[in-house]
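Accompanying notes for the structure given below.
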2 protein chains.
Amino acid sequence: MSRIPGRVPTQPPTLADVAELAGVSRQTVSNAVNNPDLLRADTLVRVQEAIEQLGYSPNRAARNLRTRASHLIGLRMNPGQEFTANAAMDRFVHSLVETSGEAGYHVLLFAGSGTDPLAGYDDLLRSTAVDAFVVTDTYLGNPQAAWLRERRAPFVAFGRPWDDAEATHPWVDVDGAAGTELAARHLLDKGHERIAWIGWRKDSWIGEDRRAGWSRALKARGLSTSGLASRVEDTIHSGREASAVLLDEAHPSAFVCASDTLAMGVLHTLADRGLRAGQDVAVIGFDDSQVAQVVRPGLTSVRQPLEDVASQIVNALEGLLAHPPRVGPGILLTPTLAVRGSS
Amino acid sequence: MSRIPGRVPTQPPTLADVAELAGVSRQTVSNAVNNPDLLRADTLVRVQEAIEQLGYSPNRAARNLRTRASHLIGLRMNPGQEFTANAAMDRFVHSLVETSGEAGYHVLLFAGSGTDPLAGYDDLLRSTAVDAFVVTDTYLGNPQAAWLRERRAPFVAFGRPWDDAEATHPWVDVDGAAGTELAARHLLDKGHERIAWIGWRKDSWIGEDRRAGWSRALKARGLSTSGLASRVEDTIHSGREASAVLLDEAHPSAFVCASDTLAMGVLHTLADRGLRAGQDVAVIGFDDSQVAQVVRPGLTSVRQPLEDVASQIVNALEGLLAHPPRVGPGILLTPTLAVRGSS
DNA sequence: CTCCTGCGCTTGATCGTTCCAAGGGAGCAT
DNA sequence: ATGCTCCCTTGGAACGATCAAGCGCAGGAG
């Protein structure tokens, strides 16, 4: 059937238009787009020329309706994050958009309410607006994972299921302990023997994991960690206070911190006391935020391989959405150390 | 027609299911969702209960197909931006997601190639995947605006059409000149009389705009600007060099910079010379990036009202997508000054 | 010569929603 | 009782793609 004459010319062309121009049926055009192998070579060329000539691109809504897939990945923007988390998240989102784009997926952002961690998921799921979710805040026993699994919603988590060893959903995470161990070893190799730790409160799984790496490195060299660790809130102010206390009481020559925020606090304390970061006392942060790159004299920091994380997540998503689904084991990636003036 | 028995129970309910349960027709359910006024009160209640009971949510793909609208807004992620631009962009994206969510729209991110500024737009447009675009990099004569207008694609620009006074598309921008004028006045009020400018190369419209505000403030007080301005690349290193030269040759007591990046360079120079930022020499940056908030002693910076920008953009989009479209004039918002220790 | 097989393409049905034009019931006046 | 509104409701069609059969033709085996 041909288009109704007089129709507004800005309407995009449809499969039927292409079919008519190429002198084939709709299905043949569809095959030319999705299963080119099924066509005879000369027919394929003819259809492709018609597609080119009309500037045809399949209507997403129609395709989504028929195939029950949207090729969209939902990602929740968490309101009011801490700045280091934000910095990392920004880099992660960039990578995710690029990687998923190469795999034929787009990223759909939606807002979360600070109070209800499930807000937004439900509607997108029931309206089949997205094929899958990427969940980024699985720490501290957030209920998203269990909730999504219960509804059989495909999702991949950025973050281990700390509190649930039984969890069977795919996940990708960065080995924080390996990162802090790397940091501590770097300092040990430079001759430091009294290396302090400033981390988060004990109820943070991530914090305890990162602390474990520091501890492991020291113990591997037969050094004691006692009196060298402090656990505080993730603010500059806390980092500043904690480092002041540690300097007075334990006289460390270096600090490893659970975040760049805390490390900035240490730098402030050093400046207060006329100590030079990197010369008199070494400092290493975590996340390689923009601040770490800009501050004097440059903050050495553990850098998460977020590009690889995004790539692995997209890979897991593709498996999850395949027929039949392939679900692999969780993946743990190793961070690197961005060495700068502070160490 | 009722659902086929034996169908997989995880299939989401459809309009027909709700209709059957409520004892009405499909259209009545559709009206209950989209035009509740058309229903008798008791019928409406019955339908709403059925919707609630089944957990029904309209299938997005089917709705999109029928109404030729996706309720998605396309936003391109620009690869490898400078960090200040990134910082601002992150805050902007957050606001945009929240505001557009309230208006019933979601944000679709797509990747741009560094080389082709139009990559990605074309396909999303032709496949009717998004209703409209938000374009964020209209400076420097990027061709998106003209290209999109030519295809009658609805879009709102964050940024003025600097190079095209004839442009009729809706836009929202921040008055950079007002920001730097605010900064300069703040310094003048503190008694500074020799206030230097470090900005970008002359071919940047935004840079020249910001420079104009500084210049205007000085001239309003009868002060000369000659010898006090420098135009360089937007890097810390350039800011550092430029400020060193200015200090030697023009002896300013304060700096206003076109970006936080440049301001960081100034802070480095001050530290090199044992000068205290805020005490000996005042420094003001632009963008209120995370770095400005964290660095010692806190960098005073011009803060763009990105929440308002997002809100106005969504407002403009709603007008653009209404029937008939309402397209208002461009909107210029005034930034504020985040005062910290450096001034 | 007939039958079967497989390739390449066409045809009708379907996904779940909204639009359209017509159907139907209650209420009121005649 | 009949006719006429006025609303609300109804079935059919359409949006544009893919799925599942089906059809004609060529070539080989029986």
Side-chain angles (χ1 to χ4, degrees), chain A residues 1-4 7-8 11-48 50-51 54-71 126-129 131 323, chain B residues 1-4 7-8 11-47 50-51 54-71 123 126-129 131 323:
Chain A
M1 188 159 44
S2 90
R3 303 196 73 98
I4 300 148
R7 198 160 169 181
V8 183
Q11 290 279 23
T14 73
L15 250 177
D17 297 322
V18 178
E20 192 184 25
L21 180 61
V24 294
S25 70
R26 296 191 319 268
Q27 183 62 32
T28 302
V29 179
S30 176
N31 285 336
V33 174
N34 301 311
N35 302 85
D37 316 347
L38 295 180
L39 299 209
R40 218 169 45 207
D42 60 330
T43 313
L44 180 58
V45 170
R46 212 168 67 236
V47 174
Q48 284 173 334
I51 288 176
L54 293 177
Y56 168 77
S57 199
N59 181 302
R60 290 282 227 279
R63 171 179 280 180
N64 293 350
L65 174 60
R66 192 63 179 108
T67 61
R68 300 171 175 281
S70 65
H71 283 263
R126 292 193 309 194
S127 62
T128 62
D131 289 350
H323 300 287
Chain B
M1 186 157 46
S2 89
R3 302 198 74 100
I4 299 149
R7 198 160 170 184
V8 185
Q11 289 279 24
T14 73
L15 207 68
D17 297 321
V18 178
E20 193 183 21
L21 180 61
V24 295
S25 70
R26 298 189 316 267
Q27 181 62 26
T28 303
V29 179
S30 177
N31 283 337
V33 174
N34 301 312
N35 301 85
D37 318 345
L38 296 180
L39 299 210
R40 216 167 46 207
D42 60 331
T43 312
L44 179 58
V45 170
R46 210 168 69 235
V47 173
I51 289 176
L54 293 176
Y56 167 76
S57 200
N59 181 299
R60 288 282 226 282
R63 172 179 278 180
N64 293 351
L65 174 60
R66 192 63 180 100
T67 62
R68 298 171 177 283
S70 65
H71 284 263
D123 186 53
R126 291 194 309 193
S127 62
T128 62
D131 289 350
H323 300 286

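Letters go in sequence order (proteins before strands), and every chain restarts at 1.
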Given DNA chain C, 5'-ward residue of the pair B/Asn35 and A/Ser25, judged by closest heavy atom | A/Ser25
When the nearest nucleotide of DNA chain C is assigned to A/Leu65 and to B/Asn34 on a heavy-atom basis, which residue is associated with the more 5' position?
-> A/Leu65
Take A/Arg68 and A/Asp131, measure what salt bridge (charged side-chain N to carboxylate O under 4.0 Å, His left out) needs, and give me the verdict at the end.
-> CA-CA 9 Å; A/Arg68 300 171 175 281; A/Asp131 289 350; over 6 Å; no
Residue B/Thr67, side-chain heavy atoms: nucleotide from C/dT10, C/dT18, D/dT18 that is nearest = C/dT18
Of the nucleotides D/dT18, C/dT18, C/dT10, which has the atom closest to the A/Arg63 side chain?
-> D/dT18
Are OP1 or OP2 of [N] and a side-chain N or O of [X] less than 4.0 angstrom apart?
X	N	answer
B/Thr43	D/dT9	yes
B/Arg40	C/dA26	no
B/Thr14	C/dG16	no
A/Thr28	C/dT10	yes
B/Ser30	C/dT18	yes

Are A/Asn64 and A/Ser70 close enough that a side-chain donor and a side-chain acceptor fall under 3.5 Å?
-> no
Determine the sole option in B/Leu21, B/Thr14, B/Asn34, B/Val47 for which the side chain to side chain contact (heavy atoms under 4.5 Å, CB included) test with B/Val29 is passed.
-> B/Val47
In whole angstroms, how far is the [atom2] atom of [N] from the [atom1] atom of [X]?
X	N	atom1	atom2	answer
A/Asn59	D/dC15	CG	C1'	8 Å
B/Arg60	C/dG16	CZ	P	16 Å
A/Gln11	D/dC15	CD	C1'	10 Å
B/Gln27	C/dT18	CD	C1'	6 Å
A/Leu39	C/dG6	CG	P	20 Å
B/Leu38	D/dC7	CG	C1'	10 Å
B/His323	C/dC19	NE2	C1'	14 Å
B/Asn31	C/dG16	CG	P	20 Å

Nearest-0.5 Å distance that lies between atom OG1 in B/Thr43 and atom CG in B/Asn31 | 11.0 Å
Would you kindly check whether a donor in the side chain of B/Arg66 faces an acceptor in the base of C/dT18, or vice versa, at under 3.5 angstrom?
-> yes
Any donor and acceptor pair, going by atom type alone, linking the side chain of B/Arg46 with main-chain N or O of B/Ala22 inside 3.5 Å?
-> yes
